[in-house]
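All of these numbers come straight from a predicted model, not from anything done at the bench.
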Amino acid sequence: MSLSSFNNTTTLSFSSSSSSTASLGGRSNFTMQANSTVLVSPLEGIRERIRKALENVEISMSPYDTAWVAMVPSENSPHSPRFPECLQWLLDNQLDNGSWGAIDPHPLLVKDALSSTLACVLALKQWGIGQEHMGRGLEYLKSNFASVYDDKQYTPIGFDILFPGLIEYAGHLDLNLPLRSADKIDMLHRRYSELNRISESNLEGGNSYLAYLSEGVGKLQDWEMVMKHQRKNGSLFNSPSATAAALIHLQNSDCHHYLRTVLDKFGNAVPAIYPFDISARLSIVTALERLGMDRHFKKEIKYVLDETYRRWLQGEEEIFLDAATCAMAFHALRVNGYDVSSDSLSQFSEEDGFVSSLEGYLKDIGSVLELYRASQLTIYPDETVLMKQNSWTSNFLRQELSNGLGNAAHRIEIHNKRLGKEVGDALKFPYHANLDRLAHRRSMEHYKADNIRILKTSYRLNIRNEDLLTLAMEDFNVCQSTYQKELEHLGRWVVENKLDKLKFARQKLAYCYFSAAASIFPPELSNARTSWAKNGVLTTVVDDFFDVGGTTEELLNLIQLMEKWDVNVSVDSCSEHVEIIFSALHSTICEIAENALIRQGRDVTKQVVKIWLDLLKSMLQEAEWTKNKTVPTLKEYMENAYVSFALGPIVLPAVFLVGPKVSDEVVNSPEFLKLYQHMSTCGRLLNDYQGYKRESAQGKLNAVSLHMIHGGSGITEADVVKKLKSDIDSRRREMLRLVLRENGSTCPRACKDLFWKMIRVLHLFYMKDDGFTAEDMMKTVKALFNEPVGLN
């Protein structure tokens with residue numbers, strides 16, 4: 001088991017005051033430092049807590065697990081405890097209401113408190129100490145037992161086996177529980193029915209489940225089967241309670257060594273799970289990335305990823321024996337440029353492999369969701385592991401979504417409504433069609449702000465979900481105010497450049513800026529964002545000019561002006577339309593060059609002018625084909641069409657504005673050219689197969705019609721579309737490989753990311769076949785620009 005298992009969206013918990021100074025072994029359950037002499041802003045305080053958590057994750061102590069460890073008899077005498085320090089911890093940590101559990105108990109965690117309290121009472125009874133503590137604990141049990149039947153309560157994993165098992169053990173200890181006989185019988189019957197159901201299912205995952213719940217199965221347990229699950233560290237599923245049960249029944253030395261190691265680390269108590277640091281820190285990193293906050297913690301995240309990669313190469317069990325942790329590690333490492341093989345996920349490539357695991361038996365949707373996300377990072381054509389994994393996980397999630405997630409055993413972790421939205425969005429917006437800022441907003445909406453974390457018992461970490469969410473929302477809203485100002489500036493720019501006077505041109509400012517802000521979202525990248533948006537508007541204007549608005553004379557005149565560059569535009573323009581368009585191009589390119597000079601230390605005007613000239617000439621070629629009714633070969637069309645799709649002026653100048661210095665050698669390198677070609681070709685093919693019918697009605701040729709013309713009489717539109725989709729998938733995969741590659745790459749990652757960001761924009765805009773309508777788009781634009789986020 002890991003901290004990420006049964007944790008949808010990898011949210012984290014911590015509900016005590018950050019100023020607590022008690023030790024992990026004391027009643028505060030964790031250590032935090034406070035400095036009353038230093039005043040910091042609330043947000044800076046949150047950032048500091050996150051930094052500390054990334055460096056050293058701390059977990060609360062578990063009364064339930066500590067009680068089970070306390071029950072282990074000495075190897076020398078069955079009448080004395082092997083770990084007496086745990087008994088002392090139990091005596092020191094009973095709460096005022098008589099229970100054992102979190103010092104600030106949640107009203108929906110009464111079942112958890114009942115299990116923990118009864119386990120602690122039994123530990124004290126077994127060794128004949130703490131009579132007063134036992135009495136208060138039994139009174140709590142009596143007063144709150146009705147919650148056992150309350151469906152609104154969070155139910156710990158295995159509760160119907162573990163809690164009745166404790167009741168049965170109380171009988172063995174001759175402890176008279178203050179419960180009605182009928183209630184005891186009902187509890188034991190529940191346990192019997194559950195054990196019988198698991199046995200009859202004859203599933204390997206059921207054996208894993210029973211092994212994880214070993215302390216509740218007791219003498220009915222198949223211990224030979226259980227020990228097949230023992231890990232290299234001596235534990236069962238990294239669970240102190242299950243490991244303690246195995247030590248009680250088998251006197252296994254490796255189990256003893258594991259428990260001794262845990263106590264040596266934490267003092268006189270144990271947590272609900274150990275080790276946990278890889279999973280927990282990956283959960284924080286993943287949460288920061290999905291909330292759009294990772295850029296503020298680059299140093300700390302790199303430390304976590306370097307350590308994760310080292311342990312990945314060592315085959316660390318904490319990573320590879322847990323589906324969610326393995327998937328998160330793979331995703332985080334591959335996205336950040338580490339060389340990791342998808343073969344390490346082979347055990348999860350088929351649904352049967354997952355079903356045979358503990359998470360699979362519990363239908364842990366959180367783990368399947370992580371596997372699904374990891375499966376989308378295919379960068380090689382032969383990564384069949386990821387392809388198979390993507391197939392079964394997507395089908396599994398769709399099925400669970402259609403079932404209303406009713407079988408989700410981890411509804412103890414999240415509300416099904418929120419989980420349903422997250423699963424639905426994950427399926428609707430795959431990795432290649434998910435714009436950063438939109439994804440961040442959805443993550444905030446899905447994010448679990450409360451601090452309930454629960455496996456067999458509840459636990460907390462030294463970072464609050466609400467902290468992460470508060471920081472992310474503040475950042476989002478600050479960025480949103482920046483976007484509003486930039487959009488106002490762009491509106492004035494359109495009017496000042498008289499682009500609104502060109503009646504033939506589509507007005508796409510909102511869409512162009514939306515694609516920029518949703519992709520290049522940090523406030524400090526304003527120049528790159530406005531360059532992207534302005535050039536997007538201008539490419540739309542020029543496209544319409546070459547398509548319907550301009551004469552051949554005007555098109556040639558515009559190209560001549562661009563080639564000469566330093567001209568008297570009012571004299572050398574053959575029409576008002578040409579003058580408006582060239583003037584807008586000239587001023588925008590000069591502005592870009594001026595801004596780029598600050599970052600690049602050189603003038604890039606010629607480079608940007610060439611980018612525009614390449615586009616204009618490719619558009620002229622298409623205009624001449626149409627005018628002369630020329631049918632180009634497919635090769636001729638594609639060599640021209642990837643340029644005429646007009647992504648060059650949008651993406652390429654932005655490369656000079658995102659930070660790193662980019663030399664002419666980099667811009668002219670095969671790597672850079674491939675990125676541009678793959679991006680533009682994907683866009684062109686997406687446009688052509690989705691716009692085929694419309695363009696055919698207008699008498700235009702595109703990739704679909706040319707395939708049918710040159711492909712022979714037997715080829716159908718469906719055949720062509722299938723081929724183009726396959727080509728898009730192949731190019732997108734190769735492009736992602738180039739973007740993520742570190743070794744042998746000369747192009748800075750921040751620059752390569754721009755090509756991938758555009759790929760995501762294209763797939764989102766062309767998603768109408770999958771239900772992303774114009775109405776959906778307008779709602780999304782409004783949410784990004786005009787609707788602040790806040791805690792529900």
Distance-only donor-acceptor check, side chains [X] and [Y], under 3.5 Å:
X    : Y    : answer
H256 : R82  : yes
D112 : S115 : no
Y169 : Q126 : yes
Y361 : N207 : no
K111 : T155 : yes
S241 : E215 : yes

Looking at [X] and [Y], would you say the former's side chain and the latter's main chain have a donor-acceptor pair under 3.5 Å?
X    : Y    : value
Q94  : H133 : yes
E300 : A53  : no
W127 : A70  : yes
W100 : L90  : yes
N93  : W89  : yes
E370 : T325 : no
N462 : E58  : yes

Salt bridge check: are [X] and [Y] linked by an N-O gap of less than 4.0 Å?
X    : Y    : result
E445 : K421 : no
R136 : E139 : no
E55  : K52  : no

- Message: A cation-pi test, strictly: NZ or CZ of K456 under 6.0 Å from the centre of the six-membered ring of Y64 and no more than 45 degrees from its axis. Yes or no?
- Response: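 So K456 doesn't make the cation-pi contact.
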
- Query: What distance do E318 atom CD and D277 atom CG have between them, rounded to the nearest 0.5 Å?
  - Reply: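 Answer rounded to 0.5 Å: 5.0 Å.
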
Just wondering, do [Y] and [X] contact through their side chains at under 4.5 Å, heavy atoms?
X    : Y    : answer
N238 : Y274 : no
R191 : L220 : yes
I161 : I198 : yes

- With sequence neighbours excluded, what pairs up with D160 under the salt bridge (charged side-chain N to carboxylate O under 4.0 Å, His left out) test?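 R190.
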
- Message: salt bridge (Lys or Arg N to Asp or Glu O under 4.0 Å) for R51 and E48? Distances and angles first, verdict last.
- Response: CA-CA 5 Å; R51 292 187 186 101; E48 187 57 29; 3.5 Å; yes

- Item | Passing candidate, side-chain contact (heavy atoms from CB on, under 4.5 Å) with R281, options I301, V57, T286 |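 Result: among I301, V57, T286, V57 is the only option passing the side-chain contact (heavy atoms from CB on, under 4.5 Å) with R281.
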
- Using the ring pair (Phe, Tyr, Trp, His ring centres under 6.0 Å) rule, pick out the option among W223, Y212, Y209, F237 that qualifies with H229. F237

Considering only distance and modelled atom types, tabulate donor-acceptor pairs under 3.5 Å from the side chains of residues 74-81, sequence neighbours left out.
from : atom 1 : to  : atom 2 : distance (Å)
S74  : OG     : N76 : N      : 3.1
S77  : OG     : H79 : N      : 3.2

- Item | More than 12 heavy atoms of other groups within 6.0 Å of N196 CG | yes

- Task: Tell me whether the centres of the aromatic rings in Y459 and F276 are closer together than 6.0 Å.
- Result: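 No, ring centres 6.0 Å or more apart.
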
